[in-house]
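Bear in mind that the values here come from a model prediction, so they are computed numbers and not experimental data.
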Amino acid sequence: MGLEGYSRTCSKRSGGIKSLHLIEADKILSAAYNSLSGEFEALTLAEGALWAGYDFVEQSGSLTQTLAVAGGSTAVEHRLCFALHGIDQAARLAADSLAESACKGIVAVVETLQGERLLVGYSVLFGGEKALRVERITSSTGAALADKTSTEVVLTAVDTSLSRPFTGTL
């Protein structure tokens with residue numbers, strides 16, 4: 001493969017995540033991948049399986065993908081971070097379910113503020129085998145009266161490729 005090049009566009013490039021949906025990796029039975037466009041076009045889910053939406057604190061969601069090459073091998077670390085409002089029962093239940101699901105692995109559809117949707121934790125080469133796992137979940141009361149209470153979630157995975165666009169329906 002030769003160098004592809006890159007041309008800058010004058011489109012909006014504001015950072016952040018608009019929406020986030022998660023599912024346990026073992027609930028994805030198959031994926032339709034278009035090798036010409038480089039996009040996942042559809043996913044077949046197990047009967048009764050549904051994507052879980054996460055309404056996170058505004059401007060707390062981020063996806064960072066770090067590609068490194070060492071000794072001729074490529075590795076990509078995917079890091080998905082978001083914060084839930086408060087440390088109440090709802091946040092605790094969400095944190096507990098994420099921790100329990102981490103054993104099976106978690107796949108995410110991340111929608112950026114530009115409307116791009118990426119499938120994270122699922123790849124052409126590995127399927128859901130290299131899914132996201134909980135790195136940490138931190139609940140905090142804050143220290144000052146003006147501090148917000150929140151539950152911060154960090155999910156990570158290591159794979160061999162950057163996340164691909166997802167054009168299917170949830």
Side-chain angles (χ1 to χ4, degrees), residues 6 8-28 39-40 43 45 48-68 70 75-123 128-170:
Y6 176 79
R8 213 171 8 132
T9 62
C10 292
S11 61
K12 181 179 172 185
R13 289 288 150 206
S14 299
I17 293 175
K18 181 178 179 179
S19 69
L20 174 64
H21 291 83
L22 306 177
I23 195 166
E24 292 171 329
D26 66 351
K27 302 292 188 211
I28 298 175
E39 299 172 337
F40 282 99
L43 297 172
L45 304 181
L50 298 172
W51 290 89
Y54 283 78
D55 187 15
F56 51 89
V57 175
E58 187 175 342
Q59 296 185 16
S60 73
S62 68
L63 171 64
T64 304
Q65 301 182 96
T66 305
L67 187 146
V76 178
E77 180 189 50
H78 308 271
R79 178 176 294 270
L80 177 58
C81 305
F82 59 97
L84 304 175
H85 287 281
I87 57 173
D88 60 3
Q89 179 70 1
R92 281 192 298 278
L93 289 172
D96 286 345
S97 71
L98 285 165
E100 288 176 20
S101 295
C103 298
K104 300 173 185 176
I106 299 168
V107 175
V109 171
V110 174
E111 183 178 1
T112 69
L113 290 178
Q114 291 73 46
E116 301 163 331
R117 293 191 319 166
L118 298 170
L119 188 62
V120 184
Y122 195 95
S123 68
E129 185 180 332
K130 303 289 183 187
L132 294 161
R133 310 280 182 198
V134 173
E135 179 180 288
R136 72 176 180 275
I137 299 174
T138 307
S139 295
S140 174
T141 63
L145 287 175
D147 291 346
K148 295 180 182 177
T149 61
S150 66
T151 300
E152 180 186 321
V153 178
V154 179
L155 306 175
T156 60
V158 177
D159 199 338
T160 58
S161 63
L162 295 167
S163 295
R164 301 288 188 242
F166 176 68
T167 59
T169 58
L170 296 176

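Results of the side-chain contact (heavy atoms from CB on, under 4.5 Å) test with Leu20 over Val110, Val120, Val109, Val153 single out Val110 as the only residue that passes. Under the side-chain contact (heavy atoms from CB on, under 4.5 Å) rule, Leu118 has a single partner from Leu162, Leu63, Leu80, which is Leu63.
The shortest side-chain heavy-atom distance between Val154 and Arg136 falls under the 4.5 Å cut-off. Here the side chains of Ser123 and Lys130 are not in contact, with every heavy-atom distance at 4.5 Å or above.
Smallest separation of non-hydrogen atoms from Gly53 and His21: CA-CD2, 3.6 Å. Nearest heavy atom pair, residue Thr169 against residue Arg117, reads N-NH2, 4.3 Å. For the residue pair Ala143 and Asp147, the shortest heavy atom distance occurs at N-OD2, 2.7 Å.
Between the CG atom of Leu113 and the CD atom of Gln59 there is a distance of 8.5 Å, given to the nearest 0.5 Å. In this structure, CD1 in Ile106 is found 12.5 Å from NZ in Lys27, a value given to the nearest 0.5 Å. Note that the CZ atom of Arg133 and the SG atom of Cys103 stand 8.0 Å from one another [nearest 0.5 Å].
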*Begin from the C-alpha positions of Leu132 and Val107 and carry the test side chain to side chain contact (heavy atoms under 4.5 Å, CB included) through to its verdict.*
CA-CA 6 Å; Leu132 294 161; Val107 175; over 6 Å; no
*Go through the steps to decide whether Val76 and Thr66 satisfy the test side chain to side chain contact (heavy atoms under 4.5 Å, CB included), and finish with yes or no.*
CA-CA 5 Å; Val76 178; Thr66 305; over 6 Å; no
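Counting non-hydrogen atoms of neighbouring residues, nucleotides and ligands closer than 6.0 angstrom, the CG atom of Asp88 exceeds 12 such neighbours.
Within the structure, ring pair (Phe, Tyr, Trp, His ring centres under 6.0 Å) contacts touching residues 79-115 (residues at least two apart or in different chains) are Tyr54-Phe82.
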